[in-house]
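As the structure lists them, so they are numbered: ligands from 1, and atoms in each ligand from 1.
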Amino acid sequence: MNVYTVEEMRERDRNTMIQHNMDILTLVDRATDEILDVLVSSICPQPEGKQFLVVCGKGNNGADGLSLAGKLKNLGSRVVAIMIQPQEFWSEEVRTLAHSLGEVFIWDEVSVERWDEWVAGSRYIVDAILGTGCRGEMEPAVAAAIAQINETGLPVISLDLPSGIRGNNGQACEIAIKATYTIVVDGYKTGNLMGSSSVYSGELLLTKEVGLWTSSNPDYKKTMLERNQQKLPSRSKAAHKYDFGKLVVIGGSRGMEGAGFLAAMAGLRTGCGVSQLLSCENWEARKMSFYPELMVDTFFDHQGLMEKLKKTNAVVFGPGTVYVERDVEYVQEIMESDIPLVLDGGAIPLLNDLRDRIQLSKHRLIVTPHTGEMARLFRVTSRDVLEDPVYFITSFLESYQVDLVMKGPCTVIASGQEMFFSYGPNSGMATAGSGDVLSGLIGGFLAQGCSNEEAMKSGVLVHQEAGNAARKIYGERSMTSTDILSNIYKGIHGLEQTIAEDVKG
Ligand SMILES: NC(=O)C1=CN([C@@H]2O[C@H](COP(=O)(O)OP(=O)(O)OC[C@H]3O[C@@H](n4cnc5c(N)ncnc54)[C@H](O)[C@@H]3O)[C@@H](O)[C@H]2O)[C@H](O)CC1
Ligand SMILES: [K+]
């Protein structure tokens with residue numbers, strides 16, 4: 001399943017029209033065939049006899065609304081179509097579609113009584129006011145319509161994007177539609193997945209492809225992260241624990257020992273044979289092991305560290321550390337050895353100190369910032385990153401030449417010329433230690449010999465599924481990172497099952 005920016009979507013529209021000799025009306029017609037298919041199969045199996053209140057804008061999102069209204073009418077639904085803007089502002093396509101629909105009302109001319117009557121008689125509102133074209137300040141008439149729709153309490157079906165959500169970053173305008181379902185046309189827009197979109201979109205439903213031109217060589221190929229792309233490391237029944245790899249987590253400084261333990265334990269739960277927490281100058285950590293299956297040790301200088309990293313197959317550096325300049329040397333030493341390395345938490349800011357030396361790394365580094373950590377690296381604010389996440393992800397790849405896992409309600413894995421989006425909003429994951437569990441998972445898979453890409457994908461998928469399982473038991477409010485940790489096995493089972501089905505399949 002592909003993901004596009006608004007600019008890429010426009011380019012696809014343009015090239016489809018030129019190369020396949022298609023006009024906008026044909027594109028809209030194809031899009032609404034697929035929208036109707038999703039509506040009937042996933043939202044309203046029997047639309048005949050039911051009333052749909054379809055509220056349309058003057059652009060192509062509005063054209064989608066009018067075209068869908070016509071098709072619902074043909075199926076025997078009752079349709080009330082309202083245009084927000086008066087006729088003189090309609091596009092050519094909107095004009096044609098409105099004409100063939102017959103009766104279309106204009107927002108400003110609708111009395112309160114009529115609106116109330118339509119709302120009372122309708123089963124659904126279709127929001128076709130704004131799609132990917134939303135930009136700048138909201139027109140007052142549009143804002144008023146959105147507020148009024150949000151107040152009805154009726155289920156709202158948004159077409160492509162909830163009106164007022166920006167197509168590239170998912171940020172909400174001063175007001176936006178609170179949808180029950182969002183039917184996304186042809187491919188996810190980055191704005192369907194990022195920013196505040198999860199607060200407004202309701203259930204995201206994707207149409208089949210509508211036959212648009214697709215670049216065979218985009219700058220960055222963007223797809224949804226899917227379970228069936230994964231393969232887990234194989235396991236021999238005759239194995240020794242070291243055959244499954246040793247992970248070392250360097251972290252757990254004074255007062256933050258728990259972060260180190262969570263990461264080390266998450267690694268062990270992926271199936272690696274041995275996991276150790278190494279703390280710098282923290283003897284206390286050795287006394288506080290919460291988990292008997294973990295090894296815990298302390299180091300004082302880089303000779304001591306490298307001595308302790310013998311027979312280590314992967315290192316996660318940073319859960320429960322703060323930025324200390326001295327750590328640059330430690331990280332550099334590990335980079336130059338043959339050990340795959342994940343930089344997380346307190347080690348992420350070291351990236352700016354290491355910039356000139358990253359090429360010396362034998363393995364490509366993996367770095368796992370959340371948006372705040374990403375912003376600090378670029379010396380901008382989180383708001384800047386949220387404003388243009390795709391730009392910052394590509395800049396990150398280009399500036400640092402490392403692999404990236406940017407954590408958030410939609411976690412993005414980025415490597416080389418590819419990005420994978422993992423959309424699974426769960427507010428329970430925004431809890432202390434959740435990121436430590438993720439970096440431990442990635443480290444655990446690396447220690448078993450997975451490639452960076454496999455380890456990042458498996459780590460993110462398992463983390464998300466473990467979080468969903470924890471939510472089922474404790475709820476989004478009460479779940480903690482220990483609950484994510486203890487549900488890792490469910491994420492692993494999920495992946496094992498998918499793989500088994502694929503093999504059978
Ligand atoms: N790409 C596809 O596969 C297809 C997409 N389709 C649909 O078309 C929309 C995008 O259409 P576009 O005309 O570019 O934009 P919109 O309809 O979203 O809106 C443009 C319209 O609205 C005005 N406007 C912009 N911002 C605001 C604002 N803040 N307040 C008020 N008005 C605003 C702007 O001036 C324009 O006039 C896409 O999402 C799909 O739904 C088709 O189905 C074809 C295939
Ligand atoms: K919309």
Check ligand 1 against C134 and write out every atom of the ligand that is under 4.0 Å from a heavy-atom position of the residue.
25 (C), 26 (N)
CD of E48: more than 12 outside heavy atoms within 6.0 angstrom?
yes
Answer yes if the ring centres of F421 and Y188 are under 6.0 angstrom apart, and no otherwise.
no
Closest D127 atom to the K ion (ligand 2) [N, O or S only]
O
Looking only at side-chain N and O atoms, does S422 offer a donor or acceptor that is under 3.5 Å from a partner on Q464?
yes
Within S163, is some N, O or S atom less than 3.4 Å away from the K ion (ligand 2)?
yes
Is atom CZ of R364 surrounded by more than 12 heavy atoms (other residues, nucleotides or ligands) closer than 6.0 Å?
yes
From the K ion (ligand 2) out to just under 3.4 Å, does an N/O/S atom of L161 turn up?
yes
Once you measure the plane-to-plane angle for F396 and Y400, does it fall in the parallel (<30°), tilted (30-60°) or perpendicular (>60°) bin?
tilted
N/O/S atom of L159 under 3.4 Å from the K ion (ligand 2), yes or no?
yes
Crowded around Y391 OH? As in, over 12 foreign heavy atoms under 6.0 Å?
no
Show me which atoms of ligand 1 lie under 4.0 Å from any heavy atom of A31.
43 (O)
With heavy atoms and a 4.0 Å threshold, my read on which part of D64 contacts ligand 1 is side chain
For C173 and C134, what are the C-alpha separation, side-chain angles and deciding distance, and is it a side chain to side chain contact (heavy atoms under 4.5 Å, CB included)?
CA-CA 9 Å; C173 297; C134 174; 3.6 Å; yes
Donor-acceptor pair, distance only, cut-off 3.5 Å: does the side chain of Q448 make one with the backbone of T270?
yes
Does any donor atom in the side chain of S399 or S395 lie under 3.5 Å from an acceptor atom in the other side chain?
no
S158 near the K ion (ligand 2) via N/O/S, less than 3.4 Å
no
What is the nearest protein non-hydrogen atom to atom 26 (N) of ligand 1, stated with its residue, atom name and distance?
R135 N, 3.0 Å
Test item, L159 contacting ligand 1 (heavy atom, 4.0 angstrom)
no
Derivation of the side chain to side chain contact (heavy atoms under 4.5 Å, CB included) call for T394 and M419:
CA-CA 9 Å; T394 50; M419 291 181 205; 3.4 Å; yes
With a 4.0 Å heavy-atom cut-off (strictly under), which part of E139 contacts ligand 1: side chain, backbone, both or neither?
both
Has ligand 1 got any nitrogen or oxygen that is less than 3.5 angstrom from a nitrogen or oxygen of G133?
yes
Report the nearest protein non-hydrogen atom to atom 38 (C) of ligand 1: residue, atom name, distance rounded to 0.1 Å.
D160 OD2, 3.2 Å
In sequence, state the C-alpha distance, the side-chain angles, and the governing distance for W213 and R14, and then conclude on side chain to side chain contact (heavy atoms under 4.5 Å, CB included).
CA-CA 9 Å; W213 174 91; R14 224 179 14 253; over 6 Å; no
Any N/O/S atom from G65 (main chain or side chain) under 3.4 Å of the K ion (ligand 2)?
no
If we count only N and O atoms by modelled type, under 3.5 Å, do the side chains of T26 and D23 hold a donor and an acceptor together?
yes
Partner of K189 under side chain to side chain donor-acceptor pair (under 3.5 Å), picked from T5, N168, T132, D160, is D160
What is the closest protein heavy atom to atom 13 (O) of ligand 1, and at what distance does it sit?
N60 N, 2.9 Å
Proximal ligand 1 atoms for M9, defined as those under 4.0 Å from one of its heavy atoms:
1 (N), 3 (O)
Region of L130 engaging ligand 1 - heavy atom pairs below 4.0 Å
both
Could you tell me the residue and atom name of the protein heavy atom closest to atom 3 (O) of ligand 1, and the distance to it rounded to 0.1 Å?
L212 CD1, 3.0 Å
Using a strict 4.0 Å cut-off to heavy atoms of V142, name the atoms of ligand 1 that fall inside it.
31 (C)
Angle between ring planes, F105 versus W118, binned at 30° and 60°: parallel, tilted or perpendicular?
tilted
What atoms of ligand 1 come closer than 4.0 angstrom to any heavy atom of G59?
13 (O), 17 (O)
With a heavy-atom distance limit of 4.0 Å, tell me whether E137 approaches ligand 1 through its side chain, its backbone, both, or neither.
backbone
Non-hydrogen atoms of G57 versus ligand 1: any pair closer than 4.0 Å?
no
heavy-atom search around atom 36 (C) of ligand 1 in the protein gives K58 CE, 4.0 Å
Under 4.0 Å, heavy atoms only, figure out whether ligand 1 is touched by the backbone of N61, its side chain, both or neither.
both
With I366, the side chain to side chain contact (heavy atoms under 4.5 Å, CB included) member among D344, V316, N452, L341:
N452
Of the protein's non-hydrogen atoms, which lies at the shortest distance from atom 5 (C) of ligand 1, and what is that distance?
D13 OD2, 4.4 Å
Side chain or backbone of V210 under 4.0 Å from ligand 1, or both, or neither, by non-hydrogen atoms?
neither
Below the 3.5 angstrom mark, is there an N/O of I129, backbone or side chain, next to an N/O of ligand 1?
no
Tell me, with the steps shown, if V412 and L404 meet side chain to side chain contact (heavy atoms under 4.5 Å, CB included).
CA-CA 8 Å; V412 184; L404 169 72; over 6 Å; no
Structural part of T132 in contact with ligand 1, heavy atom criterion under 4.0 angstrom
both
Considering only heavy atoms of G131, which atoms of ligand 1 have at least one such atom less than 4.0 Å away?
16 (P), 18 (O), 39 (O)
Donor on one side chain, acceptor on other, D384 and T381, under 3.5 Å:
yes
